[in-house]
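Here is the structure we will look at.
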Amino acid sequence: MNGYSSDEASMPEDTQICSLIDGTTRCKNTAGNSSFNKKLEKIVLQKRLELRLDQQAKHNYICDKHNFMINNSRPKRRRRETLSIYRRDDSPSVNLGVLQMNTLKRYRKQYKIQSKPGIQKSQLVDVLSRHFSSIPVDDNEAFYFLYMVKTRRNKLDQSGSSGFDRRDDSHSSGSS
């Protein structure tokens, strides 16, 4: 034995430090499992990071610090919400997936929403949910609607319109 563990003896000495030059000095951190590949090189060039591969290094492994720095500088892709749509964090979601396909198609036709022909229900729900969540809602109008539903009235029942109250069935149930 030469005093080294079997892992250290099998690796060249320079594989233990990062192969990147940060600014003007070579990084002295321990290299991790990440290699400086074409994808990372492209990100470094696009984001104008002052990092480059040391040409004298016999490997292209980089430290975790530089790997984290490069990967966090690239833009993250946003995931599309599939079934749950939120207008705001505090508003409830609406699951349009419980509706029948013909109801979803009528909604699409009513609002003239473009979609592929022969679209599957789950894809149609996704498209319609995005549309539904984009519709602005006036709070006062929503409260008025709920009040009218609760009291079983409609806009035609306003006082002074005809003097006839729809809730009063005594006028309409007479014999003809």
Side-chain angles (χ1 to χ4, degrees), residues 1-139 142:
M1 296 297 270
N2 58 7
Y4 294 105
S5 69
S6 61
D7 291 320
E8 289 176 331
S10 65
M11 294 179 150
E13 198 174 300
D14 63 346
T15 60
Q16 296 179 358
I17 62 170
C18 182
S19 63
L20 289 181
I21 298 176
D22 192 351
T24 57
T25 60
R26 177 143 179 206
C27 178
K28 301 289 185 200
N29 294 331
T30 304
N33 293 332
S34 301
S35 63
F36 191 68
N37 55 23
K38 295 288 184 186
K39 178 181 170 186
L40 293 181
E41 189 175 3
K42 183 178 176 183
I43 294 169
V44 166
L45 290 173
Q46 286 176 344
K47 298 299 178 179
R48 296 187 176 118
L49 300 174
E50 293 189 22
L51 297 173
R52 59 186 167 89
L53 190 61
D54 186 3
Q55 299 301 319
Q56 296 175 347
K58 295 179 183 174
H59 63 86
N60 59 355
Y61 292 105
I62 61 174
C63 65
D64 294 333
K65 173 188 144 192
H66 285 120
N67 186 32
F68 183 76
M69 182 172 70
I70 294 168
N71 284 319
N72 283 342
S73 68
R74 70 179 186 184
K76 301 289 184 205
R77 291 183 182 174
R78 293 182 59 194
R79 288 185 178 174
R80 287 187 350 190
E81 294 290 331
T82 53
L83 294 179
S84 62
I85 301 295
Y86 299 98
R87 292 183 198 168
R88 287 178 250 140
D89 292 339
D90 60 341
S91 67
S93 64
V94 176
N95 184 5
L96 297 179
V98 298
L99 300 174
Q100 295 177 355
M101 188 66 169
N102 62 351
T103 306
L104 297 172
K105 287 180 179 179
R106 284 191 313 216
Y107 180 95
R108 180 184 64 189
K109 185 177 178 183
Q110 172 68 30
Y111 288 99
K112 299 178 178 115
I113 299 170
Q114 298 294 322
S115 66
K116 296 184 234 175
I119 192 170
Q120 294 180 356
K121 182 178 178 179
S122 61
Q123 295 169 327
L124 184 59
V125 165
D126 188 32
V127 170
L128 297 183
S129 294
R130 274 188 266 129
H131 175 265
F132 186 79
S133 68
S134 69
I135 298 173
V137 177
D138 180 21
D139 292 341

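In this chain, residues are counted from 1 in sequence order. Just so you know, these numbers come straight off a predicted model, no measurement behind them.
- Under the rule for a salt bridge (charged side-chain N to carboxylate O under 4.0 Å, His left out), the partners of D54 that lie at least two apart in sequence or sit in another chain are R26.
- For the side-chain contact (heavy atoms from CB on, under 4.5 Å) test, residues two or more places apart in sequence or in another chain that qualify with D138 are N140, E141.
- When every heavy atom of L128 is checked against every heavy atom of L104, the shortest pair comes out as CD1-O, 3.4 Å.
- A donor-acceptor contact shorter than 3.5 Å links the side chain of S19 to the backbone of Y61.
- Enclosure of atom CG in N102 by more than 12 non-hydrogen atoms of other residues, nucleotides or ligands within 6.0 angstrom is indicated.
- Rounded to the nearest 0.5 angstrom, L53 CG and I62 CD1 are separated by 9.5 Å.
- With a 4.5 Å cut-off on side-chain heavy atoms, V127 and R108 do not count as touching.
- Looking at residues two or more places apart in sequence or on another chain, you find no side-chain contact (heavy atoms from CB on, under 4.5 Å) involving Q114.
- Looking only at distances, a side-chain donor or acceptor of H59 sits under 3.5 Å from a matching main-chain atom of I17.
- Note that the CG atom of L49 and the CE atom of M69 stand 5.5 Å from one another [nearest 0.5 Å].
- A pairwise comparison of heavy atoms in V44 and L51 identifies CG1-O, 3.5 Å as the closest pair.
- To the nearest 0.5 Å, the span separating CG on L96 from CZ on R130 amounts to 12.0 Å.
- Residues R52 and G23 come closest through the heavy atom pair NH2-O, 4.4 Å.
- A search for side chain to side chain donor-acceptor pair (under 3.5 Å) contacts involving Y111 returns nothing, not counting sequence neighbours.
- Listed by chain and residue number, Q46 satisfy the side-chain contact (heavy atoms from CB on, under 4.5 Å) test with K42 (two or more places apart in sequence, or in another chain).
- Applying the side-chain contact (heavy atoms from CB on, under 4.5 Å) criterion to E50, with sequence neighbours excluded, gives no partner residue.
- Note that the NZ atom of K121 and the CD atom of Q100 stand 7.5 Å from one another [nearest 0.5 Å].
- Separation of atoms NZ (K65) and SG (C27) is listed at 5.5 Å; rounding is to 0.5 Å.
- For residues 17-47, no pair satisfies ring-ring contact (aromatic ring centres under 6.0 Å, His included), with sequence neighbours left out.
- Remark: the backbone N or O of H131 is paired with a side-chain donor or acceptor of S134 at under 3.5 angstrom.
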For L40 and N67: C-alpha separation, side-chain torsions, deciding distance, then whether side-chain contact (heavy atoms from CB on, under 4.5 Å) applies.
CA-CA 8 Å; L40 293 181; N67 186 32; 4.2 Å; yes
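- Counting all heavy atoms, side chain and backbone alike, V98 lies closest to N95 at CG2-O, 3.3 Å.
- Remark: N60 CG to S35 OG distance equals 5.0 Å, nearest 0.5 Å.
- Every residue two or more places apart in sequence or in another chain was checked for a side chain to side chain donor-acceptor pair (under 3.5 Å) with T30, and none qualifies.
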